[in-house]
Amino acid sequence: MAVNPKVFPHGMPVPFLNELFVLASDGVDFEIDNIPRLGEVQAKGTIYLSNIRMVFVAKNPRDNFIAFDIPLLFVHGEKLNQSIFSCKNISGYVNPVVPANDNENSVITHSFKILFKEGDSEAFIPLVFNLIGKLRRRHRRSRAKHRVDPLHEAAKTPVDEMMRYAYVDPNDPTSIFLQQRTAESLLKCRAYQSRPAERSI
């Protein structure tokens, strides 16, 4: 997780090397706790999904909160909530990204909730859970082979194959990205250093 990852002026997150943004869903409410100097934050905006992470970008940034980065590999306890009296939402926990020289026991896990208030998100929700499952299985296999770069492994997730079988409801406010970024938009690969989700359960 990271507060205020880099975003383009039009709001879309700047991708990492080998990162592919797949979907974006507008009109979501986002809740996150344990933000340094802010505590709990609630905001409206857009949630973006890539093969590596979810990125929430606030529609009206305030209190130095513009965006929030949720690496899929560090998510745990995720669930889909379908309340009769409320909208569909995804809730869960995300382990913090710990700088290399910091003590990882000194940081607190964040709880988050993504509420889809402007229509269903039938394309977004199943793909999130599918990606998280694939990343966990891939991470377990890579650990067995002594590979330790979760970002590199996550970039290999076959989202194009998954999208071929995605059903898109015309009433769903989700945007699907058919064209990816150019070489000029790439950032150097940033290594997330944190406890993977499977170790925190």
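Every heavy atom of this structure was used, including side-chain atoms; hydrogens, water molecules and symmetry mates were not. One-based numbering along the sequence shown.
Distance check: Ile52 CD1 to Asp69 CG gives 9.5 Å after rounding to the nearest 0.5 Å. The OG1 atom of Thr46 sits 4.0 Å away from atom CG of Asp26, with the distance rounded to the nearest 0.5 Å. The line from OG of Ser111 to CG of Asp33 is 3.0 Å long, rounded to the nearest 0.5 Å. Here the NE2 atom belonging to His76 is positioned 11.0 Å from the CD1 atom belonging to Ile132, to the nearest 0.5 angstrom. The CG atom of Leu73 sits 9.5 Å away from the CG atom of Asn95 when rounded to the nearest 0.5 Å. Distance CD1/Ile90 to CD/Glu78: 9.0 Å, rounded to 0.5 Å.
Heavy atoms only, all atoms of each residue included: Phe116 and Asn89 are closest at CD1-CA, 4.4 Å. The minimum heavy-atom distance between Arg53 and Pro5, with the atom names listed, is NH1-CB, 4.0 Å.
Taking the six-membered ring wherever Trp is involved, the centroid distance between the rings of Phe8 and His10 falls below 6.0 Å. For Tyr93 and Phe74, the distance between ring centers is not under 6.0 angstrom.
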**OP:** Might you work through the side-chain contact (heavy atoms from CB on, under 4.5 Å) test for Met54 and Phe30, ending with a clear yes or no?
**Re:** CA-CA 12 Å; Met54 289 185 284; Phe30 183 72; over 6 Å; no
**OP:** Check step by step if side-chain contact (heavy atoms from CB on, under 4.5 Å) holds for Val75 and Ile70.
**Re:** CA-CA 7 Å; Val75 170; Ile70 303 176; 3.4 Å; yes
**OP:** Output, in order, the C-alpha distance, side-chain angles, deciding distance and verdict of side-chain contact (heavy atoms from CB on, under 4.5 Å) for Arg141 and Arg138.
**Re:** CA-CA 5 Å; Arg141 288 194 300 268; Arg138 187 178 292 275; 4.1 Å; yes
Subject >> side-chain contact (heavy atoms from CB on, under 4.5 Å) assessment of Val3 paired with Ile35 >> reply: CA-CA 8 Å; Val3 180; Ile35 301 298; 4.0 Å; yes
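At a threshold of 4.5 Å between non-hydrogen side-chain atoms, the residues Phe112 and Glu31 do not count as touching. Taking 4.5 Å as the limit, every side-chain heavy atom of Val7 sits out of range of all side-chain heavy atoms of Val14. With a 4.5 Å cut-off on side-chain heavy atoms, Cys87 and Glu118 do not count as touching. Counting heavy atoms from C-beta outward, Leu49 and Leu131 have side chains that approach closer than 4.5 Å. Considering only heavy atoms from C-beta on, Lys117 stays 4.5 Å or farther from Lys88 through its side chain. Proximity of Tyr48 to Val22: side-chain heavy atoms (C-beta onward) are nowhere separated by under 4.5 Å. Looking at heavy atoms from C-beta onward, Val94 lies in side-chain contact with His110 at the 4.5 angstrom threshold. Side-chain atoms of Glu19 and Asn51, non-hydrogen and from C-beta on, do get closer than 4.5 Å to each other.
Applying the side chain to side chain contact (heavy atoms under 4.5 Å, CB included) criterion to Arg37, with sequence neighbours excluded, gives no partner residue. By the side chain to side chain contact (heavy atoms under 4.5 Å, CB included) test, Lys59 is found to be paired with no residue, residues two or more places apart in sequence or in another chain being considered.
Clustering ILVMFWY residues whenever any of their side-chain heavy atoms sit less than 4.5 angstrom apart, transitively, puts Leu115 in a cluster other than the one holding Phe56.
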Which donor-acceptor pairs under 3.5 Å do the side chains of residues 61-68 make with protein atoms, sequence neighbours left out?
{"unit_1": "Arg62", "atom_1": "NH2", "unit_2": "Gln42", "atom_2": "O", "d": "3.4"}

